[in-house]
Amino acid sequence: MTQYLISFDDGAMTFPEEELPDVTKAAHEVVQEAQDAGVWVFGGGLESQRASVVATDGTVTDGPYPETKEVLGGFAVVDVPSREEALEWAAKIAVACRCAQEVRELLPDPAV
């Protein structure tokens with residue numbers, strides 16, 4: 001099977017605050033469905049704009065870079081037999097979280 005990263009940009013979840021409990025419930029239901037199906041690897045939200053950038057010389061800068069237009073807001077990793085199935089899970093997440101999802105295939109672990 002192949003692992004896929006399903007992610008969304010920070011700020012992409014734009015719904016009224018009073019709908020947060022419904023969105024949270026729907027998102028947890030999709031995670032549970034993926035766990036029950038045995039395809040869930042890992043996922044989570046990311047603290048908004050709290051990145052640090054470590055340069056190749058070891059210099060640490062608070063990030064993200066100011067010119068960055070999009071910043072990762074959250075992600076899920078699923079392990080499925082095909083890109084089509086990854087897209088199906090991304091669609092479920094998009095509906096639950098009420099925002100578009102990007103799907104990218106992860107390259108194989110070089111240590112394996």
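At least one side-chain heavy atom of Val23 sits under 4.5 Å from a side-chain heavy atom of Phe15.
Note: Asp9 CG to Gln101 CD = 9.5 Å, rounded to the nearest 0.5 Å. Rounded to the nearest 0.5 angstrom, Cys97 SG and Met13 CE are separated by 4.5 Å. Taken from CG in Leu20 to CZ in Arg98, the straight-line distance is 9.5 Å, to the nearest 0.5 Å. One finds the CD1 atom of Ile6 at 4.0 Å from the CD1 atom of Ile93 (value rounded to the nearest 0.5 Å).
Residues Met1 and Leu107 do not share a hydrophobic cluster, clusters being chains of Ile/Leu/Val/Met/Phe/Trp/Tyr side chains in contact below 4.5 Å. Val39 and Leu87 fall within the same hydrophobic cluster, defined by Ile, Leu, Val, Met, Phe, Trp and Tyr side-chain heavy atoms under 4.5 Å apart, directly or through other members. Under a hydrophobic clustering in which Ile, Leu, Val, Met, Phe, Trp and Tyr are joined whenever their side-chain heavy atoms come within less than 4.5 Å, directly or via other members, Leu46 and Leu106 fall into the same cluster. The same ILVMFWY cluster, assembled from side-chain heavy atoms under 4.5 Å apart, contains both Val30 and Val103.
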Item to check | ring-ring contact (aromatic ring centres under 6.0 Å, His included) assessment of Phe75 paired with Phe8 | outcome: CA-CA 7 Å; Phe75 68 95; Phe8 62 91; 9.2 Å; no

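In plain terms, the two heavy atoms of Val41 and Val78 that are nearest each other are CG2-C, 4.1 Å.
Partners of Val60 by side chain to side chain contact (heavy atoms under 4.5 Å, CB included), not counting sequence neighbours, listed by chain and number: Ser52, Val54. Shown here are the side chain to side chain contact (heavy atoms under 4.5 Å, CB included) partners of Thr14, two or more places apart in sequence or in another chain: there are none. Among residues two or more places apart in sequence or in another chain, the side chain to side chain contact (heavy atoms under 4.5 Å, CB included) test is passed with Pro21 by none.
For residues 103-112, the set of pairs meeting the side chain to side chain donor-acceptor pair (under 3.5 Å) definition, not counting sequence neighbours, is empty. Sorted by first and then second residue, the pairs that involve residues 71-96 and meet side chain to side chain donor-acceptor pair (under 3.5 Å), not counting sequence neighbours, are Glu33-Lys92. Among pairs with a residue in residues 93-112, none fulfils ring-ring contact (aromatic ring centres under 6.0 Å, His included), at least two apart in sequence or across chains.
For the pair Thr59 (side chain) and Ala55 (backbone), a donor-acceptor distance under 3.5 Å is absent.
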